[in-house]
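Side chains included, hydrogens not; waters and symmetry mates left out as well; all remaining heavy atoms used.
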Amino acid sequence: MALFYEHFIKRETVEGMIFDVDGTLLDSMPVWSHSGERYLATLGICAPKSLGKILFSMTMQQGAEYIKNTFGLEQNAEEILAGIIGVVQEAYQNETGCKRAAELFLKTLYDAGVPMVVATSNDQPLVVSAFERLGILSYFTEILTCGEFGRGKDSPEIFHAAAGKMGSAPSGTWVVEDGLYAICTAKEAGYRVIGVADEASKEDAEKIRQLADYFIVDFAENVRC
């Protein structure tokens, strides 16, 4: 038996790593899952608890437009987006932590000379603020956001762009994700996948287990050599 972060780098051929952020590196999904509800609450609107699940697979821009149209807000999508970011910004700056042993996995890869790029649906300033506080920002050569491409991870465009930044082929590039829809996209595009368990995606855990090359609860999980 070995710890996953030690086992992986010894066993696998790795040309590059693409990391999701929320629910994968950061234990931030509880904050994010309710951000739409919290924003609407500031306007005196009680949103259904299902809102977070609906917004989960959208980019932030798409989510803002959905909230505007669904709840008939006078604010435009940019104002709504700014409001949502404001609701979660303090948590990212002051509270949100890494998933267990994520820092050790990143350091192991970095020390081995593996290039790493972030591919996230989140807003870049939020990611940077949390990563700087946690001391992991320097491990990454790029932070790419779905908003830059105008599409979510139901399209492989962001994964291809990340691999291009590292000069790695899909077959030698690993995508680390907690979302089933993103894992499906990555696998269909020829990438290898580490699925990370998270409370927000627990209903999809078995499907993720079947699709992913590895499925882990955390980066220090014991695995067979």
Whether Phe19 and Phe105 hold their rings parallel, tilted or perpendicular, with breakpoints at 30° and 60°: perpendicular
Sidechain-backbone polar pair: Ser28 side chain, Val31 backbone, donor-acceptor under 3.5 Å: no
Any Leu73 side-chain heavy atom under 4.5 Å of Ile45 side chain: yes
Stepwise side chain to side chain donor-acceptor pair (under 3.5 Å) check, Tyr191 with His160: CA-CA 10 Å; Tyr191 294 88; His160 292 330; 2.7 Å; yes
Neighbour count above 12 (heavy atom, 6.0 Å) for Phe215 CZ: yes
Salt-bridge criterion met for Lys53 and Glu203 (N-O under 4.0 Å): yes
pair Met17-Val117: side-chain heavy atoms closer than 4.5 Å: no
Sidechain-backbone polar pair: Arg209 side chain, Asp204 backbone, donor-acceptor under 3.5 Å: no
Stepwise side chain to side chain donor-acceptor pair (under 3.5 Å) test for Glu148 and Thr145: CA-CA 6 Å; Glu148 297 174 53; Thr145 68; 3.3 Å; yes
4.5 Å side-chain heavy-atom contact, Val88 and Tyr39: no
Sole residue of Ile67, Leu40, Ile85 in side-chain contact (heavy atoms from CB on, under 4.5 Å) with Ile80: Ile67
Heavy-atom donor-acceptor pair, Glu142 side chain to Val118 backbone, under 3.5 Å: no
Verdict with supporting geometry, Cys98 and Leu26, side-chain contact (heavy atoms from CB on, under 4.5 Å): CA-CA 4 Å; Cys98 286; Leu26 296 185; 4.2 Å; yes
Contact check, side chains of Thr108 and Glu6, non-hydrogen atoms, under 4.5 Å: no
Donor-acceptor under 3.5 Å (Asp213 side chain, Val193 main chain): yes
Charged N-O contact under 4.0 Å between Lys68 and Glu79: no
Side-chain heavy-atom pair Met58, Ser121 within 4.5 angstrom cut-off: no
Donor-acceptor contact present, side-chain Arg133 to main-chain Thr96, <3.5 Å: yes
Hydrophobic cluster identity match, Val87 and Leu43, side-chain contacts under 4.5 Å: yes
Other residues, nucleotides, ligands: >12 heavy atoms within 6.0 Å of Lys187 NZ: yes
ILVMFWY cluster, Val114 and Phe159 together (side-chain gap under 4.5 Å): no
More than 12 heavy atoms from other groups under 6.0 Å of OH on Tyr110: no
Donor-acceptor pair, side chain of Lys99 and main chain of Ala197, under 3.5 angstrom: yes
Student check: side-chain heavy atoms of Lys207 and Ile183 closer than 4.5 Å: no
Candidate list Thr120, Leu25, Asp22, test side-chain contact (heavy atoms from CB on, under 4.5 Å), partner Val127, passing option: Thr120
Salt bridge present between Asp198 and Lys202 (N-O < 4.0 angstrom): no
Ile9 backbone acceptor or donor facing Glu12 side chain under 3.5 Å: no
4.5 Å side-chain heavy-atom contact, Asn222 and Leu3: yes
Between Tyr139 and Glu103: side-chain donor-acceptor atoms closer than 3.5 Å: no
Linked, directly or transitively: Ile158 and Val21 (ILVMFWY side chains, under 4.5 Å): no
Side chain to side chain, Arg192 and Thr173, heavy atoms closer than 4.5 Å: no
Whether over 12 other heavy atoms sit under 6.0 Å from Glu206 CD: yes
Phe219 and Phe4 aromatic ring geometry - parallel, tilted or perpendicular at 30°/60° bounds: tilted
Heavy-atom donor-acceptor pair, Ser168 side chain to Gly164 backbone, under 3.5 Å: no
